[in-house]
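Reviewing the structure listed below.
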Amino acid sequence: MLAEGNQSSGATFILLGFSEYPDLQVPLFLVFLTIYTVTVLGNLGMVIIIRINPKLHTPMYFFLSHLSFVDFCFSTVVTPKLLENLIVEDRTISFAGCIMQFFLACIFAVAETFMLAVMAYDRFVAVCNPLLYTVVMSPKLCALLVAGPYTWGIVSSLTLTYFLLALSFCGSNVINNFVCEHSVIVSVSCSDPFISQVLCFVIAIFNEVSSLVIILTTYIIIFVMVIKVPSSGGRQKAFSTCASHLTAITIFHGTVLFLYCVPHSQNSWLIIKVGSLFYTVVIPMLNPLIYSLRNKDVKESVRKLMNHQTQFC
């Protein structure tokens, strides 16, 4: 099968993107360029702030810095090609380029799914066992918890990519999307993609269900523990430590579940495109905004850094 698939290396793909709206190409380019700029500045800024501020050298911010790194990488894999296709008439992408985009995007999508689950566990330990928080969340455990999402993301992506390479593709293949997703790649294959589709479905369901089980279990326990806190101030403080993370989880998994629930009909292509756009382009921008706007430590660090730069200038 791989020998047959290797013959596809000369095939090209055409990413239609939003080409059916020619009058909106420039406005969409400006909108997505602004989003990408905010994404890069927000996520890299979050990583830098956490690294240079000793006050933020805690497990929670360690995980947040990796979430920001994943968001930056995820957006960088997808958005530049989207921007390019909005201003050039040639919307082709090589077979190797399409496969590589899928491979990298899959790694960071899976990594983000489980990074959010890891952060839920971190909040669980912080709220339910605050006195032993720094002991339980040791540097070694934190490193292992971060390595897990990256490792599983690479394993999942390598597996799916291997079976994509086993497929054959003929000539120019029109993809009615702006990104090389698994479903659109197999849809233009000349060979039977059944095994690849089943494998993708199993991995996607496993990732979504397992991560949601971890998140829901930890937050149910957190909720039960917080309800037992006698003072309203204590309950409010406990809930506030989880508010940003819950917001990020709701947006991320809400979008994923929405995409899963979209019926696969000919009229659903625009909904799928918009959902994919929100998932791959908008959410990476929102996460640093959510954590910076709702977190006084981050806002204080940003304010000090800006004041320092102002004085320096």
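Keep in mind the model is a prediction, meaning the values are calculated, not measured.
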> Would E181 and S276 count as having a side-chain donor-acceptor pair, cut-off 3.5 Å?
Replying inline: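 Looking only at side-chain atoms, S276 and E181 do form a donor-acceptor pair, the distance falling under 3.5 Å.
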Mind checking side-chain hydrogen bond (donor to acceptor under 3.5 Å, both in side chains) for [X] and listing every partner two or more places apart, or none if nothing turns up?
X: T159; value: none
X: S75; value: T79
X: S196; value: H182
X: S210; value: none

>> Checking A120 now: which residues fulfil side chain to side chain contact (heavy atoms under 4.5 Å, CB included) with it, not counting sequence neighbours?
In response: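 For A120, the residues satisfying side chain to side chain contact (heavy atoms under 4.5 Å, CB included) (neighbours in sequence not counted) are I215, T218, Y219, H245.
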Has [X] got a side-chain atom pairing as donor or acceptor with [Y]'s backbone, closer than 3.5 angstrom?
X: H253; Y: L212; value: no
X: S211; Y: A117; value: no
X: S157; Y: G153; value: no

Check the hydrophobic clustering (I, L, V, M, F, W, Y; side-chain heavy atoms under 4.5 Å; chains of links allowed) and say if [X] and [Y] are grouped together.
X: M100; Y: L83; answer: yes
X: M137; Y: M225; answer: yes
X: I87; Y: L24; answer: yes
X: F201; Y: F163; answer: no
X: F223; Y: I221; answer: yes

>> If the condition is salt bridge (Lys or Arg N to Asp or Glu O under 4.0 Å), which residues does K55 pass it with, not counting sequence neighbours?
In response: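 By the salt bridge (Lys or Arg N to Asp or Glu O under 4.0 Å) rule, K55 matches D297, E300.
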At their closest point, which heavy atom of [X] faces which heavy atom of [Y], and how far apart are they?
X: L145; Y: P149; value: O-CD, 2.8 Å
X: F252; Y: I283; value: CA-CD1, 3.8 Å
X: F169; Y: L164; value: CE1-O, 3.9 Å
X: C106; Y: S156; value: SG-C, 4.5 Å
X: N173; Y: V188; value: OD1-O, 3.3 Å
X: P130; Y: V127; value: CD-O, 3.6 Å

> Could you give all pairs that pass the ring pair (Phe, Tyr, Trp, His ring centres under 6.0 Å) test and reach residues 23-52, with sequence neighbours left out?
Replying inline: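 Those involving residues 23-52 do not exist here.
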Sort and list the pairs that fulfil salt bridge (Lys or Arg N to Asp or Glu O under 4.0 Å) and have at least one residue in [range], not counting sequence neighbours.
range: residues 17-40; answer: E20-K273
range: residues 106-123; answer: none
range: residues 73-92; answer: K81-E84

Could you give the distance from [atom1] ([X]) to [atom2] ([Y]), rounded to the nearest 0.5 Å?
X: S68; Y: F63; atom1: OG; atom2: CZ; answer: 13.5 Å
X: N43; Y: L64; atom1: CG; atom2: CG; answer: 9.0 Å
X: S244; Y: N287; atom1: OG; atom2: CG; answer: 10.0 Å
X: L167; Y: Q197; atom1: CG; atom2: CD; answer: 9.0 Å
X: L286; Y: D71; atom1: CG; atom2: CG; answer: 9.5 Å
X: L67; Y: Y291; atom1: CG; atom2: OH; answer: 6.0 Å

Close side-chain approach of [X] and [Y], heavy atoms under 4.5 Å:
X: S65; Y: F69; result: no
X: I107; Y: Y150; result: no
X: V184; Y: N176; result: no
X: L16; Y: V174; result: yes
X: F62; Y: H66; result: yes
X: L104; Y: C73; result: no
X: I175; Y: I14; result: no

>> For F95 and T12: C-alpha separation, side-chain torsions, deciding distance, then whether side chain to side chain contact (heavy atoms under 4.5 Å, CB included) applies.
In response: CA-CA 5 Å; F95 174 80; T12 58; over 6 Å; no
> What class does the angle between the rings of F124 and Y121 fall in, given that below 30° is parallel, 30 to 60° is tilted and above 60° is perpendicular?
Replying inline: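 It falls in the tilted class, 30° to 60°.
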> Who else is in the cluster with L131 when I, L, V, M, F, W and Y are joined by side-chain contacts under 4.5 Å?
Replying inline: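 None, because no other hydrophobic side chain comes under 4.5 Å of this residue.
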> For W152, what are the other residues in its hydrophobic cluster, where any two members join if their side-chain heavy atoms are less than 4.5 angstrom apart?
Replying inline: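 Via sub-4.5 Å side-chain contacts, W152 links to V110, F114, V155, F206.
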>> Between L28 and F18, does the side chain to side chain contact (heavy atoms under 4.5 Å, CB included) criterion hold? Intermediate values first, please.
In response: CA-CA 9 Å; L28 287 175; F18 298 92; 3.9 Å; yes
